[in-house]
There are 2 protein chains.
Amino acid sequence: MPGSDRKAVTSSTTFKALRVLEAVAASPQPMGLSDVAEAVGFDKSTTYRMLNTLAEAGYIVRDDLAKRYSLSYKVVYLSRNLLAENEVMRLSHQMLERITAETGETTHLCVLDGQQTVLIQKVKGTQLVAVDFQIGDRSPLHCTSIGKALLAFQDVRFIEEVIAAGLPKMASNTLTDPEAFRKELHLVRAQGYAIDDHEFSDSMRCIAAPIFEPDGHVGMGISLSGPDTRYTLQRLEELRGPLLRAAWDLSERLGGAPWK
Amino acid sequence: MPGSDRKAVTSSTTFKALRVLEAVAASPQPMGLSDVAEAVGFDKSTTYRMLNTLAEAGYIVRDDLAKRYSLSYKVVYLSRNLLAENEVMRLSHQMLERITAETGETTHLCVLDGQQTVLIQKVKGTQLVAVDFQIGDRSPLHCTSIGKALLAFQDVRFIEEVIAAGLPKMASNTLTDPEAFRKELHLVRAQGYAIDDHEFSDSMRCIAAPIFEPDGHVGMGISLSGPDTRYTLQRLEELRGPLLRAAWDLSERLGGAPWK
DNA sequence: TAATGAAGTTTCATTTATTGAAATAGCAAA
DNA sequence: TTTGCTATTTCAATAAATGAAACTTCATTA
């Protein structure tokens, strides 16, 4: 199937159930049956059956009095192995704290997941005005510093898949031309870090660096993001040193081989 | 359906898919098709279809070379609203840090989720030997201090449901007699905290207190747990003050009304 | 107090999807 | 090259899902 037009065999009923789960998860407050049915576009009786199923399986909780549904903590339980307190997470957290102690800025640790990045750790800085990303937040690869920092160190096949998936314009400086984007990734790979200067958002700039694993693979990285009023190009230059030192040290401690 | 023998209408196909998801999530390393099929007990072709579905929906990632499946960070993304950085989480974290600063012990914040508790926040203490619970870990209600601390403040109907579900013996001091257990909950309610003295595990003791919301409802609490060699009954007595002050202060800051 | 409207729940004939045994494909090891 | 095992596909039979319609519940309105 990979690279093929023919889709893999799948289960349409399961897709429906997952759509219902996502609708409930996305809502900041409990939802009624009609709300969910409207959000997912399924018949009420189909939606009702899926809600019952998810509740019985423990993924959502039904408030029997209000007849409303909300997400259960079971999904947090499923995430356990992903977010477990292990050596990698501990060392990473130390490095985030180090950068934040040196710079005062909020620092993020992200992983590559499919064709996006996911924020998994964060240490808040002292600045009152900061970019407020949440654990679990996903970001595109083509127009964020962390996305480019991770993508530049993937194999060419994957890079081409991302390019083929499209480079939609998100801000005034988003690179949408495939050739220009490939050049940018070459630059990122050469210099070992990436900058987002109004590519993802016109009010924010970022800088990010990859973390290397023992086999040379890159699956996560560190980034600093902030409002462009404070994150001038000069400020990014000041942040580069602490960021790269931390990324290098973390890679070494994990047994990684940066810049091989 | 509540209280009825008749089950709600559900989707058996969805249950199968969720079982597959849970099997992949539970594995510390990527699994092949045959591994998953064996773990869930479904035919390989059924399992194959569910894996394809979960992969296409983004919940698991397929390594095309090794033909192995692992959990995606999408479940972390679904958890966003549950673990979001909000005022409750910020204040709670401050209180955990306060207790840990005063006592040196690891502190936990747990929520009531169905008939279990889930660990959602943790501040590590300075002690080398500590109970190593993970974010997402679930615990029973009937034999943990946090379980009893939360259960004691639920309405009687829910308490009776938990008792009806069974009080299995987990350690030498587990309360398995319903009447003795009801008395214990009365005591917890009266004193405002709970102690687990070899009820959950014969090598650990714990103390926990509920957090009150503005409407008087109790949905989460704080607990301290440790090896029984350090967590003597006297030590629990020493921890009671810092724990109750923090729980009280957090309840007040959240607008809650403790012990109404 | 009765009528109305909307949300939630159930029914069931019809339709669609799923199932899984068997066959086939792929690939590493002997 | 053969063997053995995993992964993938096929498809007739079976089971499940679907959703329109009916029914139930309850709050609101006249």
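Every chain is numbered from 1, with letters handed out A, B, ... down the list of sequences.
For the pair A/Leu65 CG and C/dA7 P, the interatomic distance rounds to 19 Å; values are reported in whole Å. Rounded to an integer number of Å, the gap from CG of A/Asn52 to P of D/dA16 is 17 Å. The CZ atom of A/Arg62 sits 11 Å away from the C1' atom of C/dA7 (whole-angstrom rounding). Regarding A/Arg68, its CZ atom lies at a distance of 12 Å from the P atom of C/dT9, rounded to whole Å.
Applying the side chain to side chain donor-acceptor pair (under 3.5 Å) criterion to A/Tyr73, with sequence neighbours excluded, gives no partner residue. Legend: residues meeting ring pair (Phe, Tyr, Trp, His ring centres under 6.0 Å) with A/Phe158, ordered by chain and number and at least two apart, are absent. Applying the ring pair (Phe, Tyr, Trp, His ring centres under 6.0 Å) criterion to B/His142, with sequence neighbours excluded, gives no partner residue. Every residue meeting the side chain to side chain donor-acceptor pair (under 3.5 Å) condition with B/Lys148, not counting sequence neighbours, appears here in chain and number order: B/Glu184, B/Glu199. B/Glu160 meets the side chain to side chain donor-acceptor pair (under 3.5 Å) test with B/Arg182; sequence neighbours excluded. In this view, A/Phe133 and A/His108 satisfy the ring pair (Phe, Tyr, Trp, His ring centres under 6.0 Å) rule, not counting sequence neighbours. A/Ser201 is linked by a side chain to side chain donor-acceptor pair (under 3.5 Å) to A/Ser203, counting only residues two or more places apart in sequence or in another chain.
Residues from residues 12-28 of chain B placing a heavy atom under 4.0 Å of any atom in DNA chain D, listed by number, are B/Ser12, B/Thr13. For the segment residues 30-39 of chain A, no residue has any heavy atom less than 4.0 angstrom from an atom of DNA chain D.
In this structure, the nucleotide among C/dT9, D/dT9, C/dT18 sitting nearest to the side chain of B/Tyr48 is D/dT9.
Looking only at side-chain heavy atoms (C-beta outward), B/Phe153 and B/Leu185 stay at 4.5 Å or farther from each other. In this structure, the side chains of A/Asp137 and A/Val118 stay at 4.5 Å or more apart for every pair of heavy atoms. For the pair B/Gln154/B/Val218, a side-chain contact is recorded, criterion being any heavy-atom separation below 4.5 Å from C-beta on. For the pair A/Val75 and B/Leu82, the minimum side-chain heavy-atom distance is below 4.5 Å.
Across all strands shown, A/Thr47 has no heavy atoms under 4.0 Å from either base or sugar-phosphate atoms. Residue A/Thr53 is out of contact with every strand shown, counting any heavy-atom pair closer than 4.0 Å.
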Could you pull out every donor-acceptor pair under 3.5 Å between side chains of residues 12-20 of chain B and any protein atom, sequence neighbours left out?
| residue | atom | partner | partner atom | Å |
| --- | --- | --- | --- | --- |
| B/Thr14 | OG1 | B/Ser11 | OG | 2.8 |
| B/Arg19 | NH2 | B/Val40 | O | 2.8 |

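Residues B/Met50 and B/Lys67 each lie close to DNA chain C; by heavy-atom proximity, the contact nearer the 5' end of the strand is made by B/Met50.
Remark: the B/Ser72 side chain and the A/Asp113 side chain contain an N/O donor-acceptor pair separated by less than 3.5 Å.
Summary of helix geometry: the two end axes of the helix from C/dT1-D/dA30 to C/dA30-D/dT1, each defined by five base pairs via their C1' atoms, are inclined to each other by 30° (rounded to 10°).
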Could you list all N or O pairs between the protein and nucleotides 21-24 of chain C that sit under 3.5 Å apart?
| residue | atom | partner | partner atom | Å |
| --- | --- | --- | --- | --- |
| C/dA21 | OP2 | B/Asp43 | OD1 | 3.3 |
| C/dA21 | N6 | B/Ser45 | OG | 3.2 |

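For the atom pair CZ of A/Arg189 and CG of A/Leu151, the computed distance is 10.5 Å after rounding to the nearest 0.5 Å.
Side-chain nitrogen and oxygen atoms of A/Arg49 include none within less than 4.0 Å of the OP1 or OP2 phosphate oxygen of D/dA17.
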